[in-house]
Protein chains: 2
Amino acid sequence: MTTESEPRTESRIPLSKERVLRAAVELADRAGLESLTMRNLAHEVGVEAMSLYYHVANKEAVLDGVVDVIVGEINEVVGSIDGPTPEDDWKSALRVRILAARDVMLAHPWAPDVIEQRTHMSPAIVLYFEGLLGIFREGGFSYDLAHHAMHALGSKALGFSQELFNPGNEESDQSGEMLEQFAEQLPHLTGMLMEIGHDDPDSTLGWCDDQAEFEFSLDLLLDGLDRLLHAA
Amino acid sequence: MTTESEPRTESRIPLSKERVLRAAVELADRAGLESLTMRNLAHEVGVEAMSLYYHVANKEAVLDGVVDVIVGEINEVVGSIDGPTPEDDWKSALRVRILAARDVMLAHPWAPDVIEQRTHMSPAIVLYFEGLLGIFREGGFSYDLAHHAMHALGSKALGFSQELFNPGNEESDQSGEMLEQFAEQLPHLTGMLMEIGHDDPDSTLGWCDDQAEFEFSLDLLLDGLDRLLHAA
DNA sequence: ACCTGAACACCGTTCAAGT
DNA sequence: ACCTGAACACCGTTCAAGT
C-alpha cells in the first residue's frame, strides 16, 4: 500500500533468505501453519509470490529454514543454562535442557507439525543432538546405550510429544458422543473419565500434551535409562 | 474404459462409502499417501471426482474413514490373540497386542502419517483404547496410573513411533555432509556413528523406526510402568 | 541483481443439471 | 437415487520479461 510514500527503513533493504524465514515464523505464529503459503508469505514481506523464489528454492526450503530458525532459538537458550554438570547428574542436566527446548516449542505451537514433516535433519538439529549426546556420554553412557536413548526419547528430545488426538472441538468429536451412547460397552474408558475428569484446562501444545503428562513420560524414560546405565 | 462392455460383477453394484474407503486404502498402499486425491480415488472406483461427494462429506471424511478401516483391521487381529492373561502378566499381554498392531501398521506404512493428522478419535480407536485400558486395569493399575501410561505410550500404543527424521535420501541429506565437513565440531555424533554404523538395512516403517528400536523403547516404558505399579 | 505478470498444472469443492 | 460437466477459489511453480 504505502510502499512508495514513506521509505520505512526495513522495507527499503532488499529481501534476503533470513528475512523471508523470520517473516515465515511470524506468519505461522500469528495465523497458523495453514496460512503459511507462498502467496501469503510474499505479501507479508511486501513482495509478489514469485519473488520469493529468488531467495529460496521452493516451499520445502522455507519449511526447512523455519525449523532451523526455531531450533536455532533452542540452541541459543540451552547454551546459556547453568544447571548441574552431566558428570554430577546427567538426568537433571538433560531434563533442564529438554524443558528449555519445550519452552521454545510452546511459543511456536505449530513447530512440531512442521518438524515431523521434515525428511532430513537441519544443521541446527544436528548441533542440538550433538549436545544431547554429549550429556549422555559425560553421564557415563556407552555410544550404544546413548543411541537407544535418543531413539527412545524421540520427539521428547526436542521438547514436544505429538499426542494422537486433539481434545478440543466438541462439535466434531465423535468420541464424546460415543462414550455417552455406548457407555456400557466402554466400561474402562467411562470409569477412567469419571474418576480423573480429563478436562485439564491447560493443554499447552494444542494437543492433550500438557506439561504434567510430558514430564511424567520424560521422567519415566530418564529413570528407566538410569537403571540401564547402572545395570551395565 | 470397459465400463459398458462387460458387466464385471463388482463395477455394476453402485458405489458405497465402504467401497470408497477400501479403494482409498488400496490406492495409498500402492501409490503412497500423496496419490490419495479425490480425483485419483474417483478414477480408482471408475467414477468422476464429484460423485464421491455423494458418499462421503469431503476429503477429511475419507481420511477419517481410512483410519477407521486400518484400526478396524487391528481390532480384528488383536481380538484373536491368545497370549497370557493380563491378570497373570499384563506386560506380556500388552506387548503382544501392541506388536500385533504394529504388524498391521507395517502393512500400511502411510497410516501413521494420516493418523497423526487426525484431530479426533475414530470409533475404532476408542474401542482399541478401551481394550488397552482393560489390560492395565486387569493388571492392577489404578485409573490414574493407567491414564498416565496411555499418554506415555503415545503412538506406540498403536504400534508405531514417528521418528523425527528419515534416514534415506542421501542426496538431500544435509546431515551426512555436515558430519563429514564438521567432524571435529561433532565429536560425539561422529564417534557414535563410527561405533555403531547406523546403517540398519531394515528400516521397517520408512523412518529410522526399526523393530529393535521400537521394542527397546516399548520395553523401557513397560518396565518403568511395572516398577511404578509395584511401588504404589 | 532483484523483482514481476501471465500462465500452467494441480488441488478440494459447489452447484445446477442430467438419467 | 445416483452420477456428471463446468466452474470456482485456491495451491506451488516455471518462464520470459521487466528494471
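So that the names make sense, note that chain A is the first sequence line, chain B the second, and so on, each numbered from 1.
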- Determine, step by step, whether B:E215 and B:S217 satisfy the side-chain hydrogen bond (donor to acceptor under 3.5 Å, both in side chains) criterion, reporting the C-alpha distance in whole Å, the side-chain angles of both residues, the deciding distance to 0.1 Å, and the verdict. CA-CA 5 Å; B:E215 295 189 23; B:S217 302; over 6 Å; no

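If you take CE of A:M38 and P of C:dC8, they are 21 Å apart, rounded to a whole angstrom. As a whole-Å value, the separation of A:L36 CG from D:dC11 P is 11 Å. Rounded to whole angstrom, the span from the CZ atom of A:R39 across to the P atom of C:dG5 amounts to 13 Å. Residue A:L41 contributes atom CG, which lies 12 Å from atom P of D:dC11 at whole-angstrom precision. The CG-P distance, from A:L33 to D:dC11, rounds to 13 Å in whole Å. In this structure, the CG atom of A:N40 is 14 Å from the C1' atom of D:dA9, given to the nearest Å. The distance between atom CG of B:L52 and atom P of D:dC2, rounded to the nearest whole Å, is 14 Å. The distance from atom CG of A:N58 to atom P of C:dA9 is 20 Å, rounded to the nearest whole Å.
Side-chain atoms of B:E48 and B:H43 include no donor-acceptor pair closer than 3.5 Å.
Using a 4.5 Å cut-off on side-chain heavy atoms (C-beta onward), A:Q162 and B:S155 make no contact.
Within the nucleic acid shown, A:T37 comes within 4.0 Å of sugar-phosphate atoms alone, with no base atom in reach, counting heavy atoms only.
More than 12 heavy atoms of other shown residues, nucleotides or ligands fall within 6.0 angstrom of atom CD in B:Q117.
Between A:R102 and A:F160, the shortest heavy-atom contact is NH1-CA, 4.1 Å. Closest approach of B:A152 to A:L220, counting heavy atoms only: CB-CD2, 4.0 Å.
The side chain of A:S51 places no N or O atom within less than 4.0 Å of a non-bridging phosphate oxygen (OP1 or OP2) of C:dC2. Within the structure, every side-chain polar atom (N or O) of B:H55 is placed at least 4.0 Å from both OP1 and OP2 of D:dA1. Within the structure, every side-chain polar atom (N or O) of A:Y54 is placed at least 4.0 Å from both OP1 and OP2 of C:dC3.
Comparing A:M50 and B:M50, the nucleotide of DNA chain D nearest to each residue sits closer to the 5' end for B:M50.
The A:Y53 side chain lies nearest to D:dT13 when the options are C:dT13, D:dT13, D:dT4. Which of C:dA7, D:dT4, C:dT13 sits closest to the side chain of B:E48 comes down to D:dT4.
The residue from B:V126, B:L127, B:L133, B:I125 that alone fulfils the side chain to side chain contact (heavy atoms under 4.5 Å, CB included) condition with B:F129 is B:I125.
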- Note on the structure: Dot-bracket assigned to DNA chain D with the 3.5 Å Watson-Crick/G-U criterion, [ ] for crossing and | for other-strand pairs, is ||.|||||...|||||.||

